[in-house]
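Below is one structure; the comments refer to it alone.
Treat the numbers as computed from the prediction; the structure is a model and nothing was measured. FYI, side chains are in, hydrogens and waters are out, and symmetry mates aren't considered; it's all heavy atoms of this structure.
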Amino acid sequence: MLAAIEADLFGRRRRRRLQRMAYRFANLNILLVEDDMAMRMLIRDVLAAFEIGNIETANDGTRGYEMLRQFAADIVIVDWVMTPMNGLQ
């Protein structure tokens, strides 16, 4: 009986500690640059599942560069193989 109470108490303490350590992504701004629409939608849905606050997308490197100049992105996710401007340029 005592072991069960200790295990429950330890479990509650662990859960509280993990809740305090949880990341909050609501204020995060992400720019996603991907030319493949299906991949762009998939990545956007995954980011939305993490409750990212603001996700902007671009369908090519040129548009992504233009958006980056106007959008204060914390993280930029870029496909490397695109035309007319690739992700490395």
Check whether any side-chain N or O of D74 sits under 3.5 Å from a backbone N or O of N29 as a donor-acceptor pair, and report yes or no. yes

Ignoring hydrogens and geometry, is there a side-chain-to-backbone donor-acceptor pair from R40 to T57 under 3.5 Å?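 Looks like no, no N/O pair under 3.5 Å.
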
Going by side chain to side chain contact (heavy atoms under 4.5 Å, CB included), L47 matches just one of I77, L42, I75. Which one? I77

Quick check: closest heavy atoms across A48 and I55, and the distance to 0.1 Å?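 Taking A48 first and I55 second, the nearest heavy atoms are N-CD1, 3.8 Å.
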
If you compare all heavy atoms of F71 against all heavy atoms of N54, which two are closest, and at what distance to 0.1 Å? CE1-ND2, 3.3 Å

Which residues share a side-chain contact (heavy atoms from CB on, under 4.5 Å) with F25, sequence neighbours left out: Y23, L28, F50, I52

A58: partners by side-chain contact (heavy atoms from CB on, under 4.5 Å), with sequence neighbours left out: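 Scan of A58 (side-chain contact (heavy atoms from CB on, under 4.5 Å), adjacent residues dropped) gives V33, R63, M67.
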
Does atom CG of D45 have more than 12 heavy-atom neighbours from other groups under 6.0 Å away? yes

Under the salt bridge (charged side-chain N to carboxylate O under 4.0 Å, His left out) test, residues paired with E51 that sit two or more places apart: none

Applying side-chain contact (heavy atoms from CB on, under 4.5 Å) to D79 and D36, what does each step give before you reach the verdict? CA-CA 9 Å; D79 182 2; D36 183 288; 5.7 Å; no

Are V46 and I30 co-members of a hydrophobic cluster defined by side-chain heavy atoms under 4.5 Å apart? yes

Please report the interatomic distance CD(Q70) to CD(E56), rounded to the nearest 0.5 Å.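 So the CD of Q70 and the CD of E56 are separated by 10.0 Å.
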
With rounding to the nearest 0.5 angstrom, report the CG to CD distance, N59 to E34.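 The CG atom of N59 sits 10.0 Å away from the CD atom of E34.
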
